Amino acid sequence: MRIDVVSIFPAFFDVLEVSLLGKARGRGLLDIRVHDLRDWTHDRHRTVDDTPYGGGAGMVMKPEPWGEAIDAVRADASGPPVFVFPTPAGRPFTQRAARALATEPHLFFGCGRYEGIDERVFDYAASVGRVELLSLGDYVLNGGEVAAMAMIEAVGRLIPGVVGNPDSLAEESHEGGMLEHPSYTKPASWRGLGVPDVLLSGHHGEIAAWRARQSEQRTRERRPDLLA
Ligand SMILES: CN1CCCC[C@@H]1Cn1ccc2ccc(-c3n[nH]c(N)c3C#N)cc21
């Protein structure tokens with residue numbers, strides 16, 4: 001999978017050089033290319049924002065640099081990417097959305113700042129490819145970078161070969177619409193706290209049943225909406 005990321009803070013994504021995704025890049029499983037939106041400006045101040053039409057506080061990201069960035073990535077790719085724009089006004093980013101994006105050969109993440117990106121950028125992107133306006137959650141961030149990072153990690157780890165043991169993906173929270181069961185490791189007793197006996201029993205069937213009950217109870221208590 002190829003992922004292009006456009007941001008006015010490209011250094012934000014240096015962290016993608018390390019850990020699991022960094023290794024996946026080194027193994028050629030992920031081709032992540034980070035771009036500075038200001039590379040598509042042409043004035044001395046490398047301007048990317050301007051005052052909003054209709055008035056109001058703050059600044060809006062100008063459409064021109066984004067249009068040139070979209071065209072530059074398209075020109076350098078074999079086919080149109082899926083354009084992902086993190087926005088608080090988007091539909092929820094969920095594990096289902098991550099799974100769908102993980103099937104795509106090429107993603108373009110556009111990270112906005114200020115009050116957001118001129119709406120015509122989304123319209124233009126939709127005229128040349130599929131656009132996904134996705135929200136990380138119901139809270140406000142200062143820009144799209146944190147959200148894009150989370151989305152890139154959630155999608156990247158689903159690419160075959162990125163995660164060592166693919167079986168572990170199936171048991172995770174939100175994969176089957178349920179929260180994952182509690183986990184324990186050595187020592188069996190820690191600061192007076194023990195491990196549920198069933199996990200030490202060696203009875204795999206009983207362990208699986210216990211884990212299923214724990215997932216269902218935890219989901220019912222913490223995320224009843226997932227069971228609706
Ligand atoms: C604060 N400022 C004025 C109010 C509107 C947002 C703006 C900041 N901002 C600019 C671009 C941009 C993109 C995503 C997000 C974002 N916030 N919360 C989420 N779940 C997000 C996602 N995904 C925030 C962004």
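We count ligands from 1, going down the list as the structure has it; atoms in each ligand are counted the same way. Just so you know, residue 1 is the first one in the sequence shown, and it goes up from there. Everything numeric here is computed off the predicted structure, so don't read it as measured data.
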Residue-ligand contact L134/ligand 1, heavy atom below 4.0 Å = yes

Separation between CZ of F109 and CD1 of I3, rounded to the nearest 0.5 Å = 5.5 Å

Could you list which atoms of ligand 1 come closer than 4.0 Å to a heavy atom of P86?
-> 13 (C), 14 (C), 23 (N)

Taking only heavy atoms of E115, which atoms of ligand 1 are found under 4.0 Å from at least one of them?
-> 3 (C)

Return yes or no for this condition: an N or O of Y139 is under 3.5 Å from an N or O of ligand 1.
-> yes

Counting heavy atoms not belonging to N142, are there more than 12 under 6.0 Å from its CG?
-> no

Are any side-chain N or O atoms of R218 and backbone N or O atoms of L179, one a donor and one an acceptor, separated by less than 3.5 Å?
-> no

Considering all heavy atoms of both residues, which atom of P52 and which atom of M59 are nearest to each other, and what is their separation?
-> CD-CA, 4.5 Å

Proximal ligand 1 atoms for A147, defined as those under 4.0 Å from one of its heavy atoms | 22 (C), 23 (N)

Side chain T41, main chain D43, donor-acceptor under 3.5 Å | no

Would one find an N or O of L136, backbone or side chain, under 3.5 Å from an N or O of ligand 1?
-> yes

For atom 20 (N) of ligand 1, which protein heavy atom lies nearest, and how many Å away is it?
-> G137 O, 2.9 Å

Residues D71 and Y124: side-chain donor-acceptor under 3.5 angstrom | yes

For atom 16 (C) of ligand 1, what is the nearest protein heavy atom, given as residue, atom name and distance?
-> P88 CD, 3.5 Å

Hey, looking at atom 17 (N) of ligand 1, which of D138, V84, L141 has the closest heavy atom?
-> L141

Start with the C-alpha distance between H106 and D4, add both sets of side-chain angles, then the distance that settles side chain to side chain donor-acceptor pair (under 3.5 Å), and finish with yes or no.
-> CA-CA 8 Å; H106 187 187; D4 286 89; 2.6 Å; yes

Are the side chain of S215 and the backbone N or O of H181 linked by a donor-acceptor pair below 3.5 Å?
-> yes

Could you establish whether F93 and ligand 1 come within less than 4.0 Å of each other, counting only heavy atoms on the residue side?
-> no

With backbone taken as N, CA, C and O and side chain as the heavy atoms from C-beta onward, which portion of I117 lies under 4.0 Å from ligand 1: side chain, backbone, both, or neither?
-> neither

Atoms of ligand 1, numbered as shown, that sit under 4.0 Å from any heavy atom of Y114 = 2 (N), 7 (C), 8 (C), 9 (N), 10 (C)

Is it possible for you to say whether V18 and L30 belong to one hydrophobic cluster, with membership spreading through side-chain heavy-atom contacts below 4.5 Å?
-> yes

Can you pull out the closest protein heavy atom to atom 25 (C) of ligand 1? Residue, atom name and distance to 0.1 Å, please.
-> G143 CA, 3.6 Å

Numbering as shown, the atoms of ligand 1 that approach V140 to under 4.0 Å (heavy-atom distance) | 1 (C), 17 (N), 18 (N)

